[in-house]
Colleague: 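Sharing a structure with you now.
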Amino acid sequence: MSTTVDHEQALRGAALRVTRPRLAVLSAVHTHPHADTESIINLVRAELGGVSHQAVYDVLRALTAAGLVRRIDPPGSVARYEARVGDNHHHVVCRSCGAIADVDCAIGEAPCLTASEDHGFVIDEAEVVYRGLCPECSSATTRS
């Protein structure tokens, strides 16, 4: 579990000023992986009080640019944020309730970085989204 001291060190390490909104957003993303922006805004407001939408958007943009958080864009969903960065993991998304979970690359280091055709691109990241039903939705479907 990350602490405020860890978050302060991460911000300083990324050459970002340590501010209460940045600490609150970073904490929210760490404790609520795959949260959407609105959820993060609500979490930050619960901790700090009156923080504008724009301030949270700006902090998320700065943290993403600094590599401290990762923005994911699951198909059919709003943007989500997570603190697990730098490992090229993927996600599984429930078709029914929208739950999201992390999925490591299937085999080896990152086999999915080798595209069948790169079209001249220098590929440094791949995003794979698995879709299906989470355990709760799957069991609800079989009970119906």
Side-chain angles (χ1 to χ4, degrees), residues 1-106 108-141:
M1 189 89 189
S2 297
T3 66
T4 300
V5 172
D6 294 330
H7 298 318
E8 289 174 357
Q9 290 174 342
L11 289 168
R12 286 188 182 102
L16 294 173
R17 281 190 6 227
V18 176
T19 64
R20 290 182 66 217
R22 285 181 177 160
L23 288 171
V25 169
L26 199 50
S27 176
V29 172
H30 273 268
T31 57
H32 297 86
H34 310 123
D36 62 19
T37 308
E38 196 62 36
S39 298
I40 294 170
I41 289 168
N42 291 334
L43 291 163
V44 169
R45 284 184 174 166
E47 182 179 333
L48 299 181
V51 176
S52 72
H53 278 73
Q54 190 60 51
V56 174
Y57 279 103
D58 291 346
V59 169
L60 285 168
R61 193 173 1 270
L63 295 176
T64 301
L68 297 178
V69 301
R70 179 180 177 197
R71 175 186 164 131
I72 59 172
D73 295 292
S77 177
V78 297
R80 307 292 183 106
Y81 294 88
E82 64 182 353
R84 185 175 169 187
V85 297
D87 66 352
N88 197 53
H89 70 280
H90 307 300
H91 298 95
V92 60
V93 179
C94 180
R95 290 184 189 279
S96 181
C97 71
I100 300 173
D102 292 335
V103 177
D104 291 327
C105 272
E109 284 297 303
C112 44
L113 287 181
T114 305
S116 59
E117 174 59 55
D118 64 17
H119 299 279
F121 284 70
V122 177
I123 298 172
D124 62 8
E125 183 178 11
E127 188 171 316
V128 176
V129 177
Y130 300 95
R131 299 181 62 79
L133 293 178
C134 70
E136 286 182 25
C137 292
S138 180
S139 64
T141 302

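Side chains are part of it too, since the values below use all heavy atoms of this structure and drop only hydrogens, waters and symmetry mates.
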Colleague: Sequence neighbours left out, what passes side-chain contact (heavy atoms from CB on, under 4.5 Å) with Thr64? Give chain and number order.
Modeller: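 Counting only residues at least two positions away or on another chain, Thr64 forms a side-chain contact (heavy atoms from CB on, under 4.5 Å) with Val69, Arg71, Tyr81.
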Colleague: Taking Asp6 for its side chain and Thr3 for its backbone only, find out whether a donor-acceptor pair lies under 3.5 Å.
Modeller: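 Side chain of Asp6 to backbone of Thr3: a pair is present.
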Colleague: Applying salt bridge (charged side-chain N to carboxylate O under 4.0 Å, His left out) as the test, list every pair that has at least one member in residues 29-53; sequence neighbours left out.
Modeller: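 Every candidate salt bridge (charged side-chain N to carboxylate O under 4.0 Å, His left out) pair involving residues 29-53 fails, so no pair, neighbours aside, qualifies.
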Colleague: Considering only distance and modelled atom types, tabulate donor-acceptor pairs under 3.5 Å from the side chains of residues 8-29, sequence neighbours left out.
Modeller:
{"unit_1": "Thr19", "atom_1": "OG1", "unit_2": "Arg22", "atom_2": "N", "d": "3.2"}
{"unit_1": "Arg22", "atom_1": "NH1", "unit_2": "Arg17", "atom_2": "O", "d": "2.9"}

Colleague: Pairs of donor and acceptor atoms involving the side chains of residues 92-101, under 3.5 Å and at least two apart or interchain, shall be tabulated with distances.
Modeller:
none

Colleague: Enumerate the residue pairs fulfilling ring pair (Phe, Tyr, Trp, His ring centres under 6.0 Å) with a member in residues 5-29, sequence neighbours excluded, ordered by first and then second residue.
Modeller: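 Applying ring pair (Phe, Tyr, Trp, His ring centres under 6.0 Å) to every pair that reaches into residues 5-29, excluding sequence neighbours, yields His7-His30.
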Colleague: Taking salt bridge (charged side-chain N to carboxylate O under 4.0 Å, His left out) as the test, write out the residues that go with Arg84, two or more places apart.
Modeller: Asp87, Asp102, Asp104
Colleague: What pairs with Glu117 under side-chain contact (heavy atoms from CB on, under 4.5 Å), at least two apart in sequence or on another chain?
Modeller: His119
Colleague: With Ser52, which residues qualify under side-chain hydrogen bond (donor to acceptor under 3.5 Å, both in side chains), at least two apart?
Modeller: none
Colleague: When rounded to the nearest 0.5 angstrom, what is the spacing between CZ in Arg70 and CD in Glu82?
Modeller: 5.0 Å
Colleague: Considering only heavy atoms from C-beta outward, does the side chain of Val56 approach that of Ile40 to under 4.5 Å?
Modeller: yes
Colleague: Among all residues two or more places apart in sequence or in another chain, which pass the ring-ring contact (aromatic ring centres under 6.0 Å, His included) test with His89?
Modeller: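 Only His91 meet the ring-ring contact (aromatic ring centres under 6.0 Å, His included) criterion with His89.
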